[in-house]
Amino acid sequence: SWREAVAQGCRQGRQGLGIVYVWAAGNGGRGEIDNSNYDGQANNRHVMAVAAVGDDGKRAGYSEQGANLWLAAPSRGNSGQGLTTTDRSGEQGFNTSSQYWDLPDKNYTKSFSGTSAATPLVSGVSALVIAANPHLSWRDVRIIMARSARQNDINDPDWHYTQGEFAYPINHKYGFGVVDAQAAVQLAKQWTAVTPEIEIHSAINWVNRSIPDDDDSGISSNIYIPEDILIEFVEVILDAGDHTNQGDLNILLTAPTGTQSVLARPHPCQSTPCNSRYINWRFGTARHLDESAAGMWRLTISDENPQYVGTFRSWSL
């Protein structure tokens, strides 16, 4: 019902231009326990998932990584400096009597944090963009935000450039970079609307092969896409549902252009083995924006820890 609600909002909201949905990427990033792509709302194609950076411009330790990330925005980072904002009245919110170091007026706080603090900043910039050009669709806004984002933490080794007509910097920690209000508004004023959306679906590729245990080479499967369309977002529907510990798996998507998306990494779970399973799980990736879809796509799955085993049953795009 949630998926249909946001899809309907994008189809019908704002007199058919579509509502702009912004979603917190998640705060489980310490120790790589969680990834934003394990969240079926944050990785939905109808939302922009937002990561958090501190005042040093680097990833806040809690901010989850993910191929689905669209943008990053400031929040409390490694220095401990949070955002100053209104709070719930009295001592109901962040600023309580025990927070002696916070603002004296308990209706305000200087300690707002998390991707929950970063996300409303992107919402605010989205509103500025629409105010500058009210004719923009939800898809126009997303692409404007990506194209105008500021590349941060430039020495981080994960930065990669997409292989389309416009080369976007992209990073599993930051998406397309930190939101830039001034650049986004200026771009919005001269933006030419995107053409109507095209959605293509591959057939299900039935693999049905055992994933070698404790072997990082893994197994791969290919899907050929003949349609030469420009990509906005890619979804991978994976069934490896009989694997008894999804936390063992590394899952990598390689596009025809060579651009790669890390969809899942080996990670500890709150319970071992992981209770959840990749039963027709829908991963999302923003990392192929404006690349051509045409060609051979490859999905590689490896089991990088011993003991638990399973099957790469099927996948589709």
Side-chain angles (χ1 to χ4, degrees), residues 32 35-37 43 45 48-49 51 59 65-72 139 142-143 145-147 149-177 194 197-205 207 209 211-212 215-238 240 249-266 278 281-304 312 314-317:
E32 307 307 330
N35 183 294
S36 190
N37 231 326
N43 73 5
R45 74 183 182 90
M48 289 188 287
R59 180 177 77 101
Q65 301 188 51
N68 58 303
L69 296 183
W70 202 266
L71 293 168
R139 293 168 52 228
R142 287 162 59 94
I143 299 171
M145 301 285 260
R147 191 166 294 194
R150 174 174 54 82
Q151 188 178 4
N152 61 303
D153 193 11
I154 58 174
N155 294 321
D156 185 87
D158 192 62
W159 283 110
H160 170 84
Y161 282 88
T162 59
Q163 303 299 304
E165 184 173 333
F166 185 91
Y168 294 86
I170 188 74
N171 190 302
H172 287 90
K173 301 180 184 72
Y174 306 116
F176 296 105
V194 293
E197 184 181 64
I198 299 170
E199 186 176 333
I200 59 175
H201 300 258
S202 78
I204 298 174
N205 189 340
V207 182
R209 293 174 59 193
I211 304 168
D215 181 352
D216 59 10
S217 60
I219 57 173
S220 297
S221 174
N222 295 330
I223 288 178
Y224 180 75
I225 299 295
E227 291 91 347
D228 184 12
I229 66 169
L230 292 181
I231 296 169
E232 289 180 32
F233 201 78
V234 177
E235 295 178 330
V236 175
I237 296 89
L238 170 68
L249 299 181
N250 189 79
I251 304 173
L252 179 68
L253 177 70
T254 304
T257 59
T259 301
Q260 294 187 322
S261 296
V262 178
L263 304 180
R265 294 280 298 164
Y278 293 133
W281 182 255
R282 187 182 300 265
F283 291 101
T285 173
R287 293 174 56 82
H288 310 281
L289 182 61
D290 275 356
E291 294 186 343
S292 171
M296 194 69 74
W297 293 75
R298 183 172 71 251
L299 191 68
T300 302
I301 304 181
S302 57
D303 181 328
E304 301 192 0
F312 182 176
S314 67
W315 71 295
S316 61
L317 288 167

So Thr254 and Gln260, side chain to side chain donor-acceptor pair (under 3.5 Å) or not? Walk me through it.
CA-CA 4 Å; Thr254 304; Gln260 294 187 322; 3.2 Å; yes
Would Gln65 and Glu32 count as a side-chain contact (heavy atoms from CB on, under 4.5 Å) if you check the C-alpha gap in whole Å, the side-chain angles of each, and the deciding distance to 0.1 Å?
CA-CA 8 Å; Gln65 301 188 51; Glu32 307 307 330; 3.3 Å; yes
For Asp156, what residues pass the salt bridge (charged side-chain N to carboxylate O under 4.0 Å, His left out) criterion, not counting sequence neighbours?
Lys173
Is the CD1 atom of Ile200 crowded by more than 12 outside heavy atoms at less than 6.0 Å?
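Check passes, neighbour count above 12.
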Within the supplied structure, the quantity of interest is the number of heavy atoms (other residues, nucleotides, ligands) at a distance under 6.0 Å from Glu165 CD; does it exceed 12?
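12 or below, so no.
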Do Leu249 and Ile211 pass the side-chain contact (heavy atoms from CB on, under 4.5 Å) test, and can you show the C-alpha distance, the side-chain angles, and the key distance before you say yes or no?
CA-CA 9 Å; Leu249 299 181; Ile211 304 168; 4.3 Å; yes
Could you check whether Glu232 pairs with Arg139 (Lys NZ or Arg NE/NH1/NH2 to Asp/Glu carboxylate O, under 4.0 Å)?
yes
Contact summary for [X] and [Y], nearest pair of heavy atoms:
{"X": "Phe176", "Y": "Ala146", "answer": "CD1-CB, 3.4 Å"}
{"X": "Phe283", "Y": "Leu238", "answer": "CE1-CD2, 3.9 Å"}
{"X": "Ala286", "Y": "Phe233", "answer": "N-CE1, 3.8 Å"}
{"X": "Asn68", "Y": "Ala49", "answer": "ND2-CB, 3.8 Å"}
{"X": "Ser292", "Y": "Asp228", "answer": "OG-OD1, 2.5 Å"}
{"X": "Arg282", "Y": "Asn43", "answer": "O-ND2, 2.9 Å"}

Under 3.5 Å donor-acceptor, [X] side chain and [Y] backbone:
{"X": "Tyr174", "Y": "Gln151", "result": "no"}
{"X": "Trp159", "Y": "Asn152", "result": "yes"}
{"X": "Asp153", "Y": "Arg59", "result": "no"}
{"X": "Trp70", "Y": "Arg142", "result": "yes"}

I'd like to check the side-chain contact (heavy atoms from CB on, under 4.5 Å) partners of Ala51; sequence neighbours left out, ordered by chain and number.
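By the side-chain contact (heavy atoms from CB on, under 4.5 Å) rule, Ala51 matches Ser63, Leu69, Ala72.
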Are side-chain heavy atoms of [X] and [Y] found at a separation under 4.5 Å?
{"X": "Trp315", "Y": "Val236", "answer": "yes"}
{"X": "Arg45", "Y": "Glu199", "answer": "yes"}
{"X": "Ile204", "Y": "Ser316", "answer": "yes"}
{"X": "Thr162", "Y": "Asp290", "answer": "no"}

From CA spacing to verdict: side-chain contact (heavy atoms from CB on, under 4.5 Å), Ile225, Ser202
CA-CA 7 Å; Ile225 299 295; Ser202 78; 4.0 Å; yes
Using a distance-only test with no angle check, is there a side-chain donor-acceptor pair under 3.5 angstrom linking Glu291 and Thr259?
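Their side chains do contain a donor-acceptor pair, which is all the 3.5 Å distance test asks for.
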Between His288 and Ser261, a side-chain donor and acceptor under 3.5 Å:
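Yes - a donor-acceptor pair under 3.5 Å links their side chains.
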Any chance the rings of Phe166 and Tyr168 have centres within less than 6.0 Å?
yes
Would you give the length of the straight line joining atom [atom1] of [X] to atom [atom2] of [Y], rounded to the nearest 0.5 angstrom?
{"X": "Arg209", "Y": "Ile219", "atom1": "CZ", "atom2": "CD1", "answer": "4.5 Å"}
{"X": "Asp158", "Y": "Asn171", "atom1": "CG", "atom2": "CG", "answer": "4.0 Å"}
{"X": "Glu235", "Y": "Thr285", "atom1": "CD", "atom2": "OG1", "answer": "11.0 Å"}
{"X": "Ile231", "Y": "Glu227", "atom1": "CD1", "atom2": "CD", "answer": "11.5 Å"}

Evaluate the criterion side-chain contact (heavy atoms from CB on, under 4.5 Å) for residue pair Val234 and Leu253; output intermediate values, then yes/no.
CA-CA 10 Å; Val234 177; Leu253 177 70; 4.2 Å; yes
Side-chain donor/acceptor pairs under 3.5 Å, residues 294-303, sequence neighbours excluded:
unit_1: Trp297; atom_1: NE1; unit_2: Ala293; atom_2: O; d: 2.9
unit_1: Thr300; atom_1: OG1; unit_2: Ser220; atom_2: OG; d: 2.7
unit_1: Ser302; atom_1: OG; unit_2: Glu304; atom_2: OE2; d: 3.0
unit_1: Asp303; atom_1: OD1; unit_2: Asn305; atom_2: N; d: 3.2
unit_1: Asp303; atom_1: OD2; unit_2: His243; atom_2: NE2; d: 2.7

